[in-house]
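Reminder, nothing fancy here: chain letters follow the sequence lines and each chain counts from 1. What's counted below: heavy atoms across the whole structure, side chains too, no hydrogens, waters or symmetry copies.
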Amino acid sequence: MTPNAFLQIGLYVGVLLVCIKPLGLYMAQVYSGQATFLGRFVGPVERLIYRLCGVDPDAEMSWLQYATAVLMLSLVSFVSVYGIQRLQGLLPLNPESLSAVSSDSSFNTAVSFTTNTNWQGYGGETTMSYLTQMLALNVQNFLSAAGGMAVLVALVRGFTRSNTESIGNFWVDLVRGTLYILLPLSLVLAIALVSQGVVQTFSSYEEVALVEATVNADGESVMTQKIAVGPAASQIAIKQLGTNGGGFFNVNSSHPFENPTPISNFLELLAILLIPASLCYTFGEMVGDRRQGWAILAAMSFIFLGILVLTWTSEQQGNPVLADLGVDQAASELQPGGNMEGKETRFGIVNSALWAVATTSASNGSVNSMHDSYTPLGGLGPMWLMQLGEVIFGGVGSGLYGMLVFAIVAVFISGLMVGRTPEYLGKKIGAFEMKMAALVILLPCAMVLLGTASAVVTDTGRASVFNPGPHGFSEVLYAFSSAGNNNGSAFAGLGANTPFYNGMLGLAMLVGRFWVMLPVLAIAGSLAVKKTVPAGAGTLPTHTPLFVVLLVAIVVVVGALSFFPALALGPIVEHLLSTAN
Amino acid sequence: MSHAKTTARLFDPAIFKQAVLASFSKLDPRIQVRNPVMFAVYLGSILTTVLWVNSLMATGNESSGFVLGVSAWLWFTVLFANFAEAIAEGHGKAQAASLKKARTTVTARKLTGSETGRHGLAEEIPATDLKVDDIVIVKAGETIPADGEVIEGVASVDESAITGESAPVVRESGGDRSAVTGGTRVISDWLIIRVTTLPGSSFLDRMISMVEGAKRQKTPNEIALAILLAALTLIFLLVVGTLLPYSIFSVEASGQGRPISLTVLVALFVCLAPTTIGALLSAIGIAGMNRLSQANVIAMSGRAVEAAGDVDVLLLDKTGTITLGNRQATRFIPTQGVDEKELAEVAHLASMADETAEGRSIAVLAKKQYGLRGRELEHIKPHFVPFSARTRMSGVSLDGQEIRKGATEAVEEHVRSLGGSLPGDVRTIVQEIANAGGTPLVVCRDAHVLGVIELKDIVKGGIKERFAELRQMGIKTVMITGDNPLTAGAIAAEAGVDDFLAEATPEAKLSLIRDYQKGGRLVAMTGDGTNDAPALAQADVAVAMNSGTQAAKEAGNMVDLDSNPTKLIEIVNIGKQLLMTRGSLTTFSIANDVAKYFAILPAAFAATYPALKTLDLMRLSSPSSAILSAVIFNALVIIALVPLALKGVTYRPVGATQLLRNNLLIYGLGGLIVPFIGIKAIDVMLSILNLV
């Protein structure tokens, strides 16, 4: 418990809180179709896009039309990302002459980026050309993020509207989210990152002389090293802001060209939670009761901070096995102390733990340290955050709509205890909503549990597990938790670029994205048709501290009940074993 | 009609015995499959039985005693769930039987034989046995057994139970005053009536059969909850199902122990599945209907009971619900120069032949205040002038004096025609009374106005507190009355209702309900007259008085056998209780799972990962004892909660936030802690008895 830690975490949380209101308010304006200060510059572009695409911005859609539009966009995205990877050898902007990506890896990556997961079974600098990174991957960073936000806004409209079938126009929501929110923020962040030394260039990789010559595996002497560069800053900005997380380079934000300084680290860290947290305010603003937004934010923050304390203290305490060997793991003037394996010295324990917890609570998945090297309990935190269904901040849009589904479930279970049939934000929660909410909770959970099961019983699955014992189990569980909940974070230590994992994880990502989105849109459609019940003294209030506690309890209990056995056989037993001696 | 309230004891021996038998007959898979949660337990019971037989024949890894123990307790779990439902149904049937018995207390005097006159042969039969076109005779003091048409006789009939007007009406054969309504009472003379519609009984019979549970359908909220429970069951099925591969992997990784056995997996699954609420869900629903019939209310559907919990607006008729039957005289206010006693005497004279409740109340007040009694008037040959709609006055002419009482305008016109005038202070008094919600009756003798009688509605005692309670529950009360806005406003203020609808017509009522519903509110109302039918049909919770017309009963979704309009408040309570019981037991059931994990997981992996013993917070004596204790606890908790499911969680009107806090503490936190204690206790018992 160092003062430094309190300062770092306090600064981070403080700056984030300050940003929430203005950005949240601005986003509410954007999605309500109101004029914003950017309208003068972006408006003409927006109108041009509608005209070119033949979109009538005033035409409203039913939930089925909305869902069809989402699926159409995703299908087109999937095909184009897959195609560009397979054809990249023939396409321009490929200074390293990288050849086509394998079909199973292309499938996995195409699914991964269209679903806002950004699980990376490949290494960026050795696999993808500049064109692929920019045109295939980075375009999806924007579209998948804007798509998630659009679905959230559609759900919010379901709450605010009554006696109507229509929940908005997907194309308008998509375009406005991209043009007014994601692009301007990315532009600002990219420029700030370049100022810190993040690379942005089309030139080919640099060949530089080694300071000290070395020999390779075959005994030949090596004099030079290739240093990968590329148009990185423009991709990193949106990968952080849009909870994508797919790094330009293989080691993601641990790479000195992706995240060179403590300032770039702070900015990238801030960008992870910026939009997901601000959307809570947007939600409150749009439903006409800001307290509702703050209540959701409070519930998210509560779990976030709880896990942060777990992971950070576990890491700061260090490795018990090393402690037995007499290694000094205490924090001091000269060292951060704790478990520094897999962490960058320029970030230390606090900023690594903070990043690990932020990136897994939001479905970002970028890393600035290697989670595989965390202590068992330190790694349990991020893994469990994903297993909670990516609703603690979660993906842009997708996290909040997931959390709202949990709020519906919480209201359903406990709303009955006040002697009324359940209602949330004035909408009665009936059998149809429960059916859809059950799908939202059940299916990602099923993908994680069944995927992990399929991997640990089949030979192909087990062949990629390099670590023995409970840690190997944790690695598989982590991978499926990440894919099934669209996070994309990798524990590493698992050879996941095989046809088996590319296929299984790809399937988990598809189910985790669309079998959450579709039921959520169905809920939106069903709610929009319903009447709004005015709140009274007998209505369960959903903005009070009591409701926040209730929501936290439901999320935690559902997450714990679903994954406790699996976690017990992974990180928990690993922790008990390592401390037993 | 009177109804013996049957609050059968929770475990009446006869019902208990029936329920035990039914617990076994309900093992029919066709019945089990209707409840997904319990069906899964049912399949688990069959599976463990097979495993037990297998363990007897083969040399399995588990002692067959352990498998038998788990299997037996799983069967108990299923039986306990069946028992909970059966005992609720038993109570329902007992309730229905007593309702039927109570209902037959109205007897009809059916005329038989060819001579249908007054002196024809009459046979006494229960009103329920009447058929259309039967001829009955009803004498003074008897209740008319069914809707019908007068074919002979003239009588005054008290229809206050239906109309709220206590002034008797005349019913006679022929013309437009020949229709009579079942449940109304003949006050004087006799009537011979031809039954025109099937007596309410056949309709009630239909409803009572609903109470018996024969046609019970799941209510919307029950369906939604069942979906949630099924989803949870599926999640736990997945959790338990995937635990087998995880366990196989872990055994290989650690190099010790054996993969988790099927018996333990089934035990874990049953403990995790929301069996507590799953087992009690239908019992809770049936018990809700039972509580309603205990209150002598019969609901057409469980849906209506559920909706009662959601009601936001109560429409209450003024007369009978908020105020006592009719207006009563409360004061004599003389004009200047007239003695109050003189006014009282004259008023008394004017009311002597007035048989309306108002008229009688004037006599009562005069007697109370001045000891005035009915005088022998034969010698002065009084000539009584009855009230007529044209003159709007009534009174008496005696000794050459014309005494009249009536509405202000009418009396003013009357005295003016005789050359008098309305004194200024009378005008003020009249205005004051009207402003306070009372009705002024001006009294005059010849051309002289003597003063005013104040008639007031008497608000029922304790009703104001009742409305305050409702307000805390978040329910708005609206008073419906035919009075003018001024009068209505004054009474509304006195009774403490939130709003009122004055000069209410059936159309105004209907549109008021529609307006509230358009605003998303749920409306409850009571009604009895045929003209209430459209409003009753529109309201979400519509309670028809049993004394009301057939049309009203058909339009409503509940019938109150006591015909007590205040019952609505009780009905809302019962609805809320039903929903609260469901929510509380669901929360309890889910919270229970935490302890069960801590009991079973360390036990299941004791051999593979002994380090997991740390998670055994309860320090249970052995792995098999731990698993068995959890299964036994899971079964026993169902039985332990049956009384709560039947009685319902108590509802207190304290506002939603506090209600939630209280129930979360009891059923959430309680649900978290109780199983730790329970499982430990069972474990200790098992090891003392040396059963494991």
- Query: Who among A/Leu442, A/Val557, A/Val533 has the most heavy-atom pairs with chain B under 4.5 Å?
  - Reply: A/Leu442

- Query: In terms of heavy-atom pairs under 4.5 Å with chain B, which of A/Thr539, A/Leu546, A/Thr544, A/Leu477 leads?
  - Reply: A/Leu546

- Near A/Phe302 CZ, under 6.0 Å, is it more than 12 heavy atoms from other residues, nucleotides or ligands? no

- Heavy-atom pairs under 4.5 Å with chain A, option from B/Leu232, B/Val239, B/Leu268 with the top count: B/Val239

- Task: Could you tell me whether A/Asn163 atom CG has more than 12 heavy atoms of other residues or ligands within 6.0 Å of it?
- Result: yes

- Using a cut-off of under 4.5 Å for heavy-atom pairs, which of A/Gly469, A/Ala438, A/Pro534 has the most such pairs with chain B? A/Pro534

- Task: Examine whether an atom of A/Val457 lies under 4.5 Å from a heavy atom of chain B, and if so say whether it belongs to the side chain, the backbone or both; otherwise answer neither.
- Result: side chain

- Just give me the residue among B/Thr586, B/Leu601, B/Asp593 that pairs up with chain A most often, heavy atom to heavy atom, under 4.5 Å. B/Leu601

- Task: Would you mind checking which part of A/Pro470 comes under 4.5 Å of any heavy atom in chain B, side chain (CB onward), backbone (N, CA, C, O), both or neither?
- Result: both

- Carefully, step by step, assess B/Arg652 and B/Glu469 under the rule salt bridge (Lys or Arg N to Asp or Glu O under 4.0 Å). CA-CA 9 Å; B/Arg652 287 186 197 84; B/Glu469 242 176 49; over 6 Å; no

- Whatever's closer than 4.5 Å to a heavy atom in chain A on B/Val240 counts as neither

- Query: What are the two closest heavy atoms between B/Ala645 and B/Ile284, and how far apart are they?
  - Reply: CB-CG1, 3.8 Å

- For A/Asn319 and A/Thr375, does a side-chain donor sit closer than 3.5 Å to a side-chain acceptor? no

- Item | Toward chain B, the part of A/Ala566 with a non-hydrogen atom under 4.5 Å | both

- Item | Residues forming a salt bridge (Lys or Arg N to Asp or Glu O under 4.0 Å) with B/Arg521, sequence neighbours excluded | none

- Note on the structure: In terms of heavy-atom pairs under 4.5 Å with chain A, the winner among B/Gly474, B/Ala656, B/Ala591 is B/Ala656

- If only atom types and distance count, is the side chain of A/Glu574 paired as donor or acceptor with the main-chain N or O of A/Phe473 below 3.5 Å? no

- Answer with side chain, backbone, both or neither: which region of A/Thr452 has an atom nearer than 4.5 Å to a non-hydrogen atom of chain B? both

- Query: Which of the residues B/Leu660, B/Asn662, B/Leu659 is involved in the greatest number of heavy-atom pairs with chain A at under 4.5 angstrom?
  - Reply: B/Leu660

- Query: Which pair of heavy atoms, one from B/Gly583 and one from A/Leu416, lies closest together, and at what distance?
  - Reply: CA-CB, 3.5 Å

- Note on the structure: Applying a strict 4.5 Å limit to non-hydrogen atoms, the region of B/Gln577 in contact with chain A is neither

- Query: Quick one: what part of A/Thr421 sits under 4.5 Å from any heavy atom of chain B, side chain, backbone, both or neither?
  - Reply: both

- Carefully, step by step, assess B/Lys576 and B/Asp310 under the rule salt bridge (Lys or Arg N to Asp or Glu O under 4.0 Å). CA-CA 7 Å; B/Lys576 290 205 175 282; B/Asp310 278 352; 5.9 Å; no

- Query: What part of A/Thr532 lies closer than 4.5 angstrom to a heavy atom of chain B: side chain, backbone, both or neither?
  - Reply: backbone

- Message: So which residue, B/Ile223, B/Asp312, B/Ile248, ends up with the most heavy-atom pairs under 4.5 Å with chain A?
- Response: B/Asp312

- Query: Is there any residue in residues 404-411 of chain A with a non-hydrogen atom under 4.5 Å from a non-hydrogen atom of chain B, and which ones are they?
  - Reply: A/Val409

- Note on the structure: Max heavy-atom pairs within cutoff under 4.5 Å with chain A, candidates B/Ala253, B/Ala231, B/Ala230, B/Pro245, goes to B/Pro245

- Are B/Gln256 and B/Thr608 close enough, and set up right, to give a side-chain hydrogen bond (donor to acceptor under 3.5 Å, both in side chains), and what steps lead you there? CA-CA 5 Å; B/Gln256 54 187 339; B/Thr608 313; over 6 Å; no

- Can you see which heavy atom on A/Ser474 is nearest to which on A/Phe491, and at what distance? CB-CE2, 4.0 Å

- Basic-acidic side-chain contact under 4.0 Å: A/Glu433, A/Lys427: no

- Neighbour count above 12 (heavy atom, 6.0 Å) for A/Arg462 CZ: yes

- Query: In terms of heavy-atom proximity below 4.5 Å to chain B, should A/Lys530 be classed as side chain, backbone, both, or neither?
  - Reply: neither

